[in-house]
Amino acid sequence: MPGETTLTEFIIGEQRRFAHATGNFTALLNDIHLACKRIAALVGKGALAQALGRAGSENVQGEQQTKLDVLANAIFLRTNEWGGQLAGMVSEELEHPHPIPDRYPRGRYLLLFDPLDGSSNADVNVSVGSIFSVLRAPEGVTDPVERDFLQPGSEQACAGYAIYGPTTMLVITLGRGVVGFTLDREIGEFILTHPDMRIPEDASEFAINTSNERFWEPPVQRYVAECLAGRSGARGKDFNMRWIASLVAEVHRILVRGGLFMYPRDTKDPDKPGRLRLLYEANPMAMLIEQAGGRASTGRERIMDIPPSALHQRVAVILGSKNEVARIEQYHLEHGQGLDQPYASPLFNTRSLFSQD
Ligand code: MN
Ligand code: MN
């Protein structure tokens, strides 16, 4: 259709706005979006490609890999390593940074990614996605090691995800708002369909895995209890709950119509202060959310301010509509000061035993 803007046209238009920009960044985004198209095609074949189910292996984080995890990781590495734009890559599926093979030139960018997010959802035909974050290699570094990737989210040059749902979409930010493209499968191009994704400041929808309620910290228990109390409680309005168990799908819903997503810190596994990975899940999603006018926090601090200490570090994630995230941060603050009785009481979790009536 005349007048339609392709992803390539959009990126080149952005590049022209900056006098010193080179074609490197454009070329990098071209390769990233090709990787996403390749994964979309694979995911779309499902059982026909014998690609569903477990691979029988574990990744560095002790998680069962699905066949799609392994294949999507190989696609991301292969599609992005040859072009000369990258100095190195980090993947959820690899313990150490992936060096650019010697036969290819090195560039100045670092690519960090979760090749397939929510991969177990693919077996039941529910949306999955890919998440990516682009950093600049430190000056003069052509062979990046782990510490070169440990940059706070505020240093990201670009972040985005692809969602493989009823349609395949690519949603990106280059630091000037958030734009969404829909894959036109007939011509094989991503077409600009969501030119300015904005998150409403208030929300009446929240997403959290309530089966972990007993492990949550009091500020999160308080927030959710108030949502559940609805019109008759402290909030004075009713809420709806959502839980897709796929970060990409949750964030996408929030970018389209607002809401709140939480994977908070809990006491279920003392070794994991959160579930989601900072560098290639929380940071890119935080940049998208903030660029769309939302807020992304651990409850105690802004996600993009966290100085990373390890490649696969996990963090608590609370993101979405600005006023809801700010409210939960306030609850954490009040809890720290002991102002949120009865939620500050150690007896809160056993209140049925200590019932006052
Ligand atoms: Mn993931
Ligand atoms: Mn994954």
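Keep in mind that what you see is a predicted model, and the values were worked out from it rather than measured. In listed order, ligands and their atoms are each counted from 1.
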Q: Going through the checks in order, is the side chain to side chain donor-acceptor pair (under 3.5 Å) test met by Glu250 and Tyr263?
A: CA-CA 11 Å; Glu250 308 278 4; Tyr263 214 118; over 6 Å; no

Q: Quick check for you: within a radius under 2.8 Å, how many protein N, O or S atoms neighbour the Mn ion (ligand 2)?
A: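 Step by step: take the Mn ion (ligand 2), keep protein N, O, S below 2.8 Å, and you get 3.
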
Q: Under 4.5 Å side-chain heavy-atom separation, chaining through any Ile, Leu, Val, Met, Phe, Trp or Tyr, what else clusters with Val126? Say none if it is isolated.
A: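 ILVMFWY cluster around Val126 also holds Val124, Ile244.
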
Q: Does anything in residues 123-151 pair up under salt bridge (Lys or Arg N to Asp or Glu O under 4.0 Å), and if so which pairs, sequence neighbours excluded?
A: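 For residues 123-151: Arg106-Asp143.
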
Q: In Glu281, which N, O or S atom comes closest to the Mn ion (ligand 1)?
A: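 The closest N, O or S atom of Glu281 to the Mn ion (ligand 1) is OE2.
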
Q: Testing the basics here: between Leu150 and Ala310, what is the closest heavy-atom pair and its distance to 0.1 Å?
A: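 So the two residues come closest at CD2-C, 3.6 Å.
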
Q: Given Asn283 and Ser133, is the side chain to side chain donor-acceptor pair (under 3.5 Å) satisfied, shown in steps?
A: CA-CA 8 Å; Asn283 272 340; Ser133 164; over 6 Å; no

Q: The criterion is side chain to side chain donor-acceptor pair (under 3.5 Å); which residues satisfy it with Ser246, sequence neighbours excluded?
A: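 By the side chain to side chain donor-acceptor pair (under 3.5 Å) rule, Ser246 matches no residue at all.
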
